[in-house]
Amino acid sequence: MTTTIQYADVEIGTELPAQTFPVTRATLVQYAGASGDFNPIHWNEKFAVEVGLPDVIAHGMFTMAEAIRVVTDWVGDPAAVVEYGVRFTKPVIVPNDDKGAEIQVSAKVAAKLDDGRVRVDLTATSAGQKVLGMSRAVVQLAQ
């Protein structure tokens, strides 16, 4: 795969299509199985509350992975992401109901760098709270 987004066609401030990602308890169990992270704060409400959390929370790495999908879907090639980092600011709280939680992600091109690369800044929220801070990706575009 290669990106079809041309560096010359992108301006600072270009907004990527925003997306919303649903998160349920079943999603967390599936992620735990795939990642090997079976920490009970991600599936056991009683344990999560006992350690001071309001409820079960999503894995931080799961939240981070969902957020970068906005960038990989836009650029069309996951390998075009050459750097990615976040700070975890708030947990995504996942209630045990039919709805679960949602992660809303928006992103925009914040800087044009050398060699056909751009920096994309992401904003990820859940239940009205920012869940990732300093969320930035560097993406290699076509030239």
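If you read the sequence from its start, that first residue is 1, and numbering goes on from there.
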> Considering all heavy atoms of both residues, which atom of Ala137 and which atom of Tyr84 are nearest to each other, and what is their separation?
Replying inline: CB-CD1, 4.0 Å
> How about Val131 and Thr125: do any of their side-chain heavy atoms sit closer than 4.5 Å?
Replying inline: no
> Who are the side-chain hydrogen bond (donor to acceptor under 3.5 Å, both in side chains) partners of Arg119, not counting sequence neighbours?
Replying inline: Asp121
> So do Leu16 and Val109 actually touch side chain to side chain, heavy atoms under 4.5 Å?
Replying inline: yes
>> Can a donor-acceptor pair be found, under 3.5 Å and without considering hydrogens, that links the side chain of Gln143 to the backbone of Tyr7?
In response: no
>> Would Leu28 and Val56 count as a side chain to side chain contact (heavy atoms under 4.5 Å, CB included) here? Give the steps.
In response: CA-CA 9 Å; Leu28 299 181; Val56 164; 3.7 Å; yes
> Does a salt bridge link Asp98 with Arg25, judged by any charged N lying under 4.0 Å from a carboxylate O?
Replying inline: no
>> Looking at Ser106 and Ala18, would you say the former's side chain and the latter's main chain have a donor-acceptor pair under 3.5 Å?
In response: no
>> For Glu50, give me all partners under side-chain hydrogen bond (donor to acceptor under 3.5 Å, both in side chains), at least two apart in sequence or on another chain.
In response: Lys46
> Do side-chain atoms of His42 reach the backbone of Ile57 as a donor and acceptor pair under 3.5 angstrom?
Replying inline: yes
> How would you list, by chain and number, every residue that makes a ring-ring contact (aromatic ring centres under 6.0 Å, His included) with Tyr31, sequence neighbours excluded?
Replying inline: His59, Phe62
> What's the shortest heavy-atom distance between Gln140 and Thr3, and which atoms?
Replying inline: O-CG2, 3.6 Å
>> Is it true that, when you exclude Lys112 itself, more than 12 heavy atoms of the residues, nucleotides or ligands shown sit nearer than 6.0 Å to its NZ?
In response: yes
